[in-house]
Amino acid sequence: SLITAAEGDVSLAYDNPAMLSSENDLDLSFQHRFIAAGVQSGYAGMAKWIESAGITSHFGFKYVLYGTFDHFDEFGNQLGTFKGGEVAINAGAGYELYENLQIGANIKFISSNLESYRSSALAFDISALYQDTSGYFTAAMSLKNAGFQLSRYDTDQESLPVDLQIGVSKRLRHLPFRLSVIYHHLNRYNLLYDDPNSEEGGFIGGFQPVDSEPSKVDNFFRHMIFGGELYLGKTEVFTIRLGYNHQLKQELSVNNLRTLTGFSFGLGLRTRKFRIDYGFNKLHFGASSHHLGLSTNLNSFSSQQLLN
């Protein structure tokens with residue numbers, strides 16, 4: 001959701017294509033995430049500057065692999081195994097509208113395969129990015145996953161998870177630190193839901209609401225994602241990252257148990273030819289995820305360099 005990282009990895013263009021520029025020409029990125037219970041996801045993408053059109057295009061695909069499941073019928077008889085997975089093939093472009101303002105758009109073909117159920121959809125992203133390089137300030141807006149279902153799992157027509165996001169990033173002038181704030185689901189104010197854990201009690205006294213019942217303030221902060229990046233070294237080749245997602249914290253935490261759910265941590269290392277990133281996210285007290293990223297620019301590999 002970091003839609004304001006204009007100088008970031010080209011894979012971030014999947015969420016905000018407006019950040020693409022001529023500097024991303026022949027950028028190549030591979031991302032992979034290891035989640036609990038053998039679930040994996042990732043992204044691979046590449047960008048190309050088209051000088052004649054004045055745009056930077058990119059192409060890639062995002063995938064989720066759910067692994068292998070045991071297949072049982074309603075009577076408990078084992079029928080073998082099955083797999084599940086999803087992929088989104090993405091193409092988009094970014095264009096510099098004015099000196100400090102860029103716009104972009106994506107089109108995504110999405111395919112889902114869950115046992116014998118299959119569905120497909122077409123989604124669109126539209127975004128804008130404003131950069132004030134003199135003031136170290138960036139603002140962005142991104143409308144994500146607007147579209148429609150092409151084929152259904154069954155007879156029910158389903159909607160896509162549309163998400164309108166806005167965000168700002170500010171880098172401190174006298175300290176190598178950047179703070180980012182993202183407000184997601186601007187198109188949907190109420191992110192609360194009926195949580196069965198919000199009631200507790202016994203057979204005699206019945207169920208009573210607990211003191212931590214969600215409030216309007218809680219709902220407001222569920223829209224917020226906070227992030228910070230600290231750059232180290234003379235050329236800032238090393239980065240330490242920290243993030244906090246209040247919605248994940250509220251929805252995946254367990255009552256009366258303190259965990260790091262909602263927090264994420266990351267490290268980044270930039271060499272002359274490669275960029276290596278690692279991210280750690282605590283999903284809940286019983287599971288975590290690990291994110292690995294490897295990026296490069298093909299322009300850095302000339303024939304002479306390869307021979308050497």
| For the residue pair S112 and Y153, what are the closest heavy atoms and their distance? | OG-OH, 2.5 Å

| message | Does H58 form a side chain to side chain contact (heavy atoms under 4.5 Å, CB included) with N106? I'd like the steps, not just the answer. | response | CA-CA 9 Å; H58 79 114; N106 282 332; 2.9 Å; yes

| Would the number of heavy atoms belonging to other residues, nucleotides or ligands and lying under 6.0 Å from CD of E236 be above 12? | yes

| Hey, is the main chain of N297 close enough, under 3.5 Å, to the side chain of S300 for a donor-acceptor pair? | yes

| task | State whether the side chain of D125 and the backbone N or O of N145 hold a donor-acceptor pair below 3.5 Å, judged by distance alone. | result | yes

| request: Please report the C-alpha distance between Y231 and R178 in whole Å, then the side-chain angles of each, then the deciding distance to 0.1 Å, and finally whether the side chain to side chain contact (heavy atoms under 4.5 Å, CB included) criterion is met. | output: CA-CA 8 Å; Y231 305 94; R178 179 173 66 179; 3.5 Å; yes

| request: Kindly indicate, with the supporting measurements, whether the criterion side chain to side chain contact (heavy atoms under 4.5 Å, CB included) is fulfilled by V87 and F109. | output: CA-CA 8 Å; V87 63; F109 174 76; over 6 Å; no

| said: Under 4.0 Å between a side-chain nitrogen and a carboxylate oxygen: does that hold for R188 and D163? | reply: no

| message | Rounded at 0.5 Å granularity, tell me how far CE in M141 sits from CG in L129. | response | 12.0 Å

| request: Would you name the heavy atoms of V162 and H185 that are closest together and state the gap between them? | output: O-CD2, 3.9 Å

| message | I'd like to know whether CG of L252 has more than 12 heavy-atom contacts from other residues, nucleotides or ligands below 6.0 angstrom. | response | yes

| field | Where at least one partner belongs to residues 95-104, residue pairs that pass side chain to side chain donor-acceptor pair (under 3.5 Å), sequence neighbours excluded | value | Q102-Q131

| request: Could you grab the distance from atom CG of L232 to atom CD1 of I240, nearest 0.5 Å is fine? | output: 5.0 Å

| request: Determine whether the side chains of S120 and Q149 contain a donor N or O and an acceptor N or O closer than 3.5 Å. | output: no

| Taking the six-membered ring for Trp, is the centroid-to-centroid distance between H290 and F280 below 6.0 Å? | yes

| field | Check against ring-ring contact (aromatic ring centres under 6.0 Å, His included), Y43 and F61 | value | CA-CA 6 Å; Y43 180 82; F61 63 94; 7.3 Å; no

| task | For residues I182 and H223, determine if any side-chain heavy atom of one lies less than 4.5 Å from a side-chain heavy atom of the other. | result | no

| query | Looking at T56 and A47, what are the two nearest heavy atoms and their distance? | reply | CG2-CB, 4.3 Å

| remark: Shortest non-hydrogen pair, I50 vs S57, comes out as CD1-OG, 3.8 Å

| request: Give the ring-plane orientation class for F265 versus F263, where under 30° counts as parallel, over 60° as perpendicular and anything between as tilted. | output: parallel

| task | Establish, yes or no, whether the cationic atom of R152 lies under 6.0 Å from the six-membered ring centre of Y117 and within 45° of the ring axis. | result | no

| Residues R33 and S289: side-chain donor-acceptor under 3.5 angstrom | yes

| task | Could you check if a side-chain atom of M19 sits within less than 4.5 angstrom of a side-chain atom of T4, using non-hydrogen atoms only? | result | no

| request: Could you check D277 against R275 for salt bridge (Lys or Arg N to Asp or Glu O under 4.0 Å), going step by step and ending with a plain yes or no? | output: CA-CA 7 Å; D277 294 288; R275 175 172 173 167; 3.3 Å; yes

| said: Does E51 have more than 12 heavy atoms from other residues, nucleotides or ligands lying within 6.0 Å of its CD? | reply: no

| query | With the threshold set at 4.0 Å, does a side-chain nitrogen-carboxylate oxygen contact exist between E86 and K108? | reply | no

| message | Is the distance between the ring centroids of F274 and F301 under 6.0 Å? | response | yes

| query | Between N24 (side chain) and V10 (backbone), is there a donor-acceptor pair under 3.5 Å? | reply | no

| query | Is there a side-chain contact between E158 and F148, using heavy atoms and a 4.5 Å cut-off? | reply | no

| Can you hop from F30 to M46 via hydrophobic side chains spaced under 4.5 Å? | yes

| query | Are S142 and S127 close enough, and set up right, to give a side-chain hydrogen bond (donor to acceptor under 3.5 Å, both in side chains), and what steps lead you there? | reply | CA-CA 4 Å; S142 183; S127 62; 4.8 Å; no

| How about L292 and Y278: do any of their side-chain heavy atoms sit closer than 4.5 Å? | yes

| query | Hey, is CZ on F221 packed in by over 12 heavy atoms from elsewhere, all under 6.0 Å? | reply | no

| task | Could you walk me through whether F34 and H32 pass the ring-ring contact (aromatic ring centres under 6.0 Å, His included) test, one step at a time? | result | CA-CA 7 Å; F34 298 90; H32 192 80; 4.7 Å; yes

| request: Could you go through the side chain to side chain contact (heavy atoms under 4.5 Å, CB included) check for V181 and M224 one step at a time? | output: CA-CA 7 Å; V181 180; M224 311 291 284; 3.5 Å; yes

| task | Kindly determine whether S169 and T138 satisfy side-chain hydrogen bond (donor to acceptor under 3.5 Å, both in side chains), including the steps that lead there. | result | CA-CA 5 Å; S169 288; T138 304; 5.7 Å; no

| said: Let me confirm one number: the CD1-CG distance from I107 to L122, rounded to the nearest 0.5 Å. | reply: 4.5 Å

| task | Any chance you could measure S264, atom OG, to N281, atom CG, to the nearest 0.5 Å? | result | 5.5 Å

| Which distance, rounded to the nearest 0.5 Å, do you find between the OG1 of T271 and the CD1 of I276? | 6.0 Å

| said: In the structure I gave you, are the side-chain heavy atoms of I225 and H184 within less than 4.5 Å of one another anywhere? | reply: yes

| Nearest heavy-atom neighbours spanning K282 and A287 | CD-O, 3.8 Å

| message | To the closest 0.5 Å, what do you measure between CG (L172) and CG (L179)? | response | 7.5 Å

